[in-house]
There are 2 protein chains.
Amino acid sequence: METAVIDVFVSAVKLIGLPKSVGEIYGLLFSSPLPLTLDSLVRRLSISKGSASQGLKVLRSVGAVRPVYVAGDRRDHYAAETELKKLVAGFIREELQPRLDSGTERLSHLNSLLASSHPADSAFLSSRISKLAQWHARSKSVLPLLTGLLD
Amino acid sequence: METAVIDVFVSAVKLIGLPKSVGEIYGLLFSSPLPLTLDSLVRRLSISKGSASQGLKVLRSVGAVRPVYVAGDRRDHYAAETELKKLVAGFIREELQPRLDSGTERLSHLNSLLASSHPADSAFLSSRISKLAQWHARSKSVLPLLTGLLD
DNA sequence: CAAATTGTTCAAATTTTCTTGAACTCCACG
DNA sequence: CGTGGAGTTCAAGAAAATTTGAACAATTTG
């Protein structure tokens with residue numbers, strides 16, 4: 001059962017370009033009624049402490065996982081965040097937006113290169129760069145709308 | 001210049017989980033005023049014929065590339081499709097929808113496993129599977145809306 | 001129809017990405 | 001302070017994905 005759920009998340013995270021271990025960790029937390037510590041993840045998934053640590057880091061950064069305080073235990077306990085809207089928003093914020101932002105710089109770099117290109121292709125290239133800029137602007141405005149469509 | 005444009009597309013396709021060569025091919029076609037043949041791609045990008053063939057296959061399947069007839073030449077010529085809406089729609093249709101569809105089967109499999117699970121965890125697992133089903137339904141309805149937001 | 005040209009396929013090689021594990025940092029506790 | 005537990009980091013190894021290239025199929029041409 002648990003394994004089948006984990007499998008679902010492994011496929012899902014691979015789809016969005018994150019490592020398998022991230023899917024395993026999230027899948028196990030999602031299947032677990034109680035918050036789990038790093039070392040239960042290590043034991044129950046048979047992954048290394050390093051993987052678990054790095055996987056949790058990613059999951060924390062996108063807000064897919066929430067630290068839970070447990071009295072009398074020094075270790076961090078984690079629970080899966082299950083609000084789809086939060087997950088998507090976090091993924092967009094941490095993984096997608098940064099790329100769009102670096103795209104802005106790239107576009108201005110392209111425009112500067114345009115100045116020093118053969119006049120022959122210049123008109124065509126210029127039109128293609130406008131097209132790129134248009135795509136970029138559209139993406140920037142649409143991405144944030146996405147979270148609104150959920151939940 | 002061309003190289004810089006190609007670079008943009010290489011990053012973009014890697015983001016959506018397609019191989020670099022697909023980005024190179026699309027980037028070159030996008031930068032080219034004339035449609036290109038498979039062997040010009042091979043020569044200009046220094047990639048193998050196999051890569052070019054497979055890359056074009058993917059690009060054709062998502063509709064990112066359009067065959068162009070050229071009189072007196074037996075070879076296929078390809079031009080980049082530059083309508084963002086078409087590209088996104090094609091990607092969703094070919095790469096994303098199939099996954100959501102297989103998700104439907106997976107969910108019913110999970111429900112069948114639920115029957116044979118320990119009654120103790122049953123209530124919790126059942127709620128989590130409902131959550132998954134809810135996500136699934138939401139995704140199915142939202143994905144197609146996406147293309148509407150573009151163009 | 002034989003030869004040449006175009007494109008595809010797929011196993012092996014390469015490259016890229018992920019995982020591991022050992023060394024390290026940081027605290028809490030005695 | 002010094003010891004031990006918890007978590008992080010990162011270089012090296014393992015695994016996965018991509019690319020290559022050679023064999024093949026299909027089609028056109030002389």
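Convention: sequence-line order gives letters A, B, ...; per-chain numbering from 1. For clarity, every value in this text was computed on a predicted model and none was experimentally measured.
- Annotation: proximity of residues 39-47 of chain B to DNA chain D (heavy atom, distance under 4.0 Å) is found for Ser46(B), Ile47(B), numbered in ascending order.
- Residues satisfying the side-chain contact (heavy atoms from CB on, under 4.5 Å) test with Thr104(A), not counting sequence neighbours, are His136(A), Lys140(A).
- Note: Tyr69(A) OH to His77(A) NE2 = 10.0 Å, rounded to the nearest 0.5 Å.
- For the pair Arg66(A) and Tyr78(A), the cation-pi test (distance below 6.0 Å, angle within 45°) is failed.
- Annotation: the span from Lys86(A) atom NZ to Arg93(A) atom CZ amounts to 11.0 Å, rounded to 0.5 Å.
- Atom OG in Ser141(B) sits 6.0 Å away from atom CZ in Arg138(B) (nearest 0.5 Å).
- Nucleotides of DNA chain D lying under 4.0 Å from heavy atoms of chain A occupy a range whose first and last members, 5' to 3', are dG4(D) to dA17(D).
- Counting heavy-atom neighbours within 6.0 Å of Lys131(B) NZ, excluding the residue itself, gives a total above 12.
- The OG atom of Ser102(B) sits 13.0 Å away from the NE2 atom of His109(B) when rounded to the nearest 0.5 Å.
- Residues Leu113(A) and Ala4(B) come closest through the heavy atom pair CD1-CB, 3.7 Å.
- In the model, Arg106(A) has a side-chain atom that pairs as donor or acceptor with a side-chain atom of Ser11(B) under 3.5 Å.
- Across residues 6-31 of chain B, Pro19(B), Lys20(B), Ser21(B) each have a non-hydrogen atom less than 4.0 Å from an atom of DNA chain D (numbered order).
- Listed by residue number, the members of residues 49-60 of chain A with any heavy atom below 4.0 angstrom from DNA chain C are Gly50(A), Ser51(A), Gln54(A).
- Under the 4.0 Å criterion applied to side-chain N and carboxylate O atoms, Arg75(A) and Asp39(A) are assigned as salt-bridge partners.
- Expressed to the nearest 0.5 Å, how far CG of Leu150(B) lies from CG of Leu145(B) amounts to 11.5 Å.
- Nearest heavy-atom pair across Ser31(B) and Val5(B) is OG-CG1, 3.4 Å.
- Rounded to the nearest 0.5 Å, atoms CG (Leu146(A)) and CG (Leu96(A)) are 9.0 Å apart.
- In the model, Ser127(A) has no side-chain atom that pairs as donor or acceptor with a side-chain atom of Ser130(A) under 3.5 Å.
- For the pair Leu36(B) CG and dG7(C) C1', the interatomic distance rounds to 16 Å; values are reported in whole Å.
- In terms of heavy-atom proximity, Pro144(A) sits nearest to Thr147(A) at O-OG1, 3.2 Å.
- For the segment residues 68-77 of chain B, the set of residues with a heavy atom within less than 4.0 Å of an atom of DNA chain C comprises Arg74(B), Arg75(B), Asp76(B), in numerical order.
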